[in-house]
**Q** 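This is the structure I have questions about; it appears just below.
First the proteins, then the strands, lettered A, B, ... as listed; each starts at 1.
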2 protein chains.
Amino acid sequence: MTGQTDSVLTEAALDTALRELIGYSMKRATAMVTADAARVLEPMGLRITTFSALTVICNAPGVRQTELAAALGMERSNSVAVIDTLEKAHWITRERSARDRRAIALQPTTAGIMRQKQARLALLTHEDRMFAGLSQIERRELVKLLSRIRA
Amino acid sequence: MTGQTDSVLTEAALDTALRELIGYSMKRATAMVTADAARVLEPMGLRITTFSALTVICNAPGVRQTELAAALGMERSNSVAVIDTLEKAHWITRERSARDRRAIALQPTTAGIMRQKQARLALLTHEDRMFAGLSQIERRELVKLLSRIRA
DNA sequence: TATTGTTATACTCTATAACTATA
DNA sequence: TATAGTTATAGAGTATAACAATA
C-alpha cells in the first residue's frame, strides 16, 4: 500500500466544498450525536424514536396517538409501531377515550416512568460528553440559533 | 370535533421535555433543512447523497471510491449505488487506476460539472431562505459551534 | 363528511458479512 | 495477508393510500 491517490487535491479534506453548506455541517454533526445517543439507549431497550415517544407520554399522560405523532413530527401511521413497542415492553398502556371513542389515550406505567428517567439521565451524561467542547452559554446559543431556522 | 384532549397538559408544547436535549433540537432542525434541500434537488435528478458525491468528485477529480465514502462518512458498500446513479446519468465516469488496478478513479464529465454548479447555486438560494432569520455572523457561529462537537 | 387508529406498501439511508481481483 | 470494489441482505426511518369505527 503506497497511500498514493489519483486525486489532484491531496491537502484539503475531500468534503471542503460541501462545508460551505450549513445543512451539510448540521447533518454530519447530528449524525454523530444521534448515533452516540442510540448507542446509549440500546442497552435499555430503547431507540431514539421510542425514547422520544415515551418521554412525551410521561410528560403528558393521556396524550392521543395523533397528538403524539404531530408533536414528534412523524406520520400517524408510523407512530403505531413505536407505540406497539412501548406497549409490549409494558412501559405504556392504550386506553380508549371515554369522550371520543375513536381516540386512544396513552398512559405511562410505573415501569415506563422509571425507564424514562433512567434513559434521560443517561442521555444527559452522553450530551455532557459530546458537548464538552462547548460552554453552557454556547450550548444555549447553539439551540437558540437552531430554533431560528425556518422552512 | 371538540378539540378537547385527555391530556393534563394543554398549554406547553408536547415535546417540551425533549427540548432539554440538544440532540433533539439538532435532529428536528436538520430534518427541516435536509427535507427542503431534497425538494430543491429533486427536479434536477439529484438527492442529497448523490449531490454530495458529485460535489466531492468535481472538486477532487480522480478520487477513489473508498476515499469518497470515507469523506462523506458513509460505508464503501453503500457508495456503490450512489456512484452507479451518477454514472448512469453520465455525470461521472469510472476509470481503472493505472497505478493500482484494484482502485477506480472517479472523474466528472462536463455535464456533471455543469449540473453540480447548478445544484450548488440552487442550494445556496435554499439556504438563504432557510437561514434568513440568522445574520451572516450567526450562520458562521452556528457552523463553528457544530464543529466543536466531538464523539 | 371528517377524524382516529390502523394496515399495507415502498423507498431511502444505514450497517454487516462475504466474495473477487488485485496488491 | 490486506485492500478496493462489489453484492446481498436486513434493519430503521419515512411517506402515501386506503380501510373500519366513530364523530
**Q** Got Thr16(A) and Asn59(B) here, is their nearest side-chain heavy-atom distance under 4.5 Å?
**A**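 Heavy-atom side-chain distance check fails, nothing below 4.5 Å.
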**Q** Is there side-chain contact between Leu21(B) and Leu124(A), with heavy atoms separated by less than 4.5 Å?
**A**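 Contact flag for Leu21(B)/Leu124(A) side chains = yes.
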**Q** Rounded off to whole Å, could you give me the CD1-to-P distance for the Ile92(B) and dG5(D) pair?
**A** 12 Å
**Q** Could you check whether Glu75(B) gets within reach of a base, just the sugar-phosphate, or nothing at all, counting any heavy atom under 4.0 Å?
**A** base
**Q** Take atom CG of Asp84(A) and atom C1' of dG5(C), then tell me their distance rounded to the nearest Å.
**A**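 Nearest whole value for this atom pair: 11 Å.
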**Q** Within this structure, what is the CD-to-C1' distance between Glu95(B) and dA4(D), rounded to whole angstrom?
**A** 16 Å
**Q** Does the side chain of Glu87(A) reach to within under 4.5 Å of the side chain of Thr93(A), using non-hydrogen atoms?
**A**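 No, too far: nothing below the 4.5 Å cut-off.
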**Q** Check this for me: does any side-chain nitrogen of one of Arg47(B) and Glu42(B) sit under 4.0 Å from a carboxylate oxygen of the other?
**A**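 Here Arg47(B) does not pair with Glu42(B) in a salt bridge, since their nearest N and O are not under 4.0 Å apart.
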**Q** Can you check whether Arg47(A) has a side-chain N or O nearer than 4.0 Å to OP1 or OP2 of dG13(D)?
**A** yes
**Q** Of the nucleotides dG5(C), dA4(D), dA12(D), which has the atom closest to the Ala103(B) side chain?
**A** dA4(D)
**Q** To the nearest angstrom, how far is Gln65(B) atom CD from dA21(C) atom C1'?
**A**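 So the two atoms are 14 Å apart, to the nearest Å.
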**Q** Would you tell me if any nitrogen or oxygen in the side chain of Ser79(B) comes within less than 4.0 Å of OP1 or OP2 on dG5(D)?
**A**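 Looking at the OP1 and OP2 atoms of dG5(D), neither is under 4.0 Å from any side-chain N or O of Ser79(B).
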**Q** What I want to find out is whether Arg139(B) reaches Glu127(B) closely enough, with some N-O distance under 4.0 Å, to be called a salt bridge.
**A**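 Not counted as a salt bridge, because no side-chain N and carboxylate O are separated by less than 4.0 Å.
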**Q** Between dT6(D), dT12(C), dT4(C), which nucleotide gets closest to the side-chain atoms of Arg64(A)?
**A**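 So the nucleotide nearest the side chain must be dT4(C).
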**Q** Just checking Ser77(B): base, sugar-phosphate only, or nothing, at a heavy-atom cut-off of under 4.0 Å?
**A** base
**Q** Between Leu46(B) (CG) and dT12(C) (P), how many Å, whole number?
**A**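 My rounded result for the distance is 13 Å.
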**Q** Report yes or no: is there a donor-acceptor pair, N or O only, under 3.5 Å between the side chain of Asn78(A) and the base of dA15(D)?
**A**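 For Asn78(A), whose side chain was compared with the base of dA15(D), there is a donor-acceptor pair (under 3.5 Å).
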**Q** Ile104(A) side chain: which of dC13(C), dT6(C), dT6(D) is closest?
**A**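 Selected nucleotide (nearest to the side chain): dT6(C).
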**Q** How long is the line joining CD1 of Ile83(A) and P of dG13(D), in whole Å?
**A**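 Result: 14 Å.
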**Q** Among dT6(C), dT12(C), dT7(D), find the nucleotide with the atom closest to the side chain of Val80(B).
**A** dT7(D)
**Q** Heavy atoms from C-beta onward define the side chain here; which of dA23(C), dC13(C), dT14(D) lies closest to that of Asp100(B)?
**A** dA23(C)
**Q** Below 3.5 Å, does any donor atom in the side chain of Arg102(B) face an acceptor in the base of dT3(D), or the other way round?
**A** yes
**Q** Taking atom P of dC13(C) as reference, at what distance in whole Å does atom CZ of Phe51(B) sit?
**A** 14 Å
**Q** Between Gln107(A) and Arg94(A), is any side-chain donor less than 3.5 angstrom from a side-chain acceptor?
**A**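 Result is no, nothing qualifies.
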**Q** Rounded to the Å, how far apart are Met74(A) CE and dA15(D) C1'?
**A** 11 Å
**Q** Relative to the 5' end of DNA chain C, which residue comes earlier, Thr66(A) or Ala35(A), by the nucleotide with the nearest heavy atom?
**A** Thr66(A)
**Q** Any donor-acceptor pair, under 3.5 Å, between the side chain of Arg76(A) and the base of dG5(C), if you only look at N and O atoms?
**A** yes
**Q** What's the closest nucleotide to the side chain of Arg101(A) if the choices are dT6(C), dA23(D), dT12(C)?
**A**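 Looking only at side-chain atoms, Arg101(A) lies closest to dA23(D).
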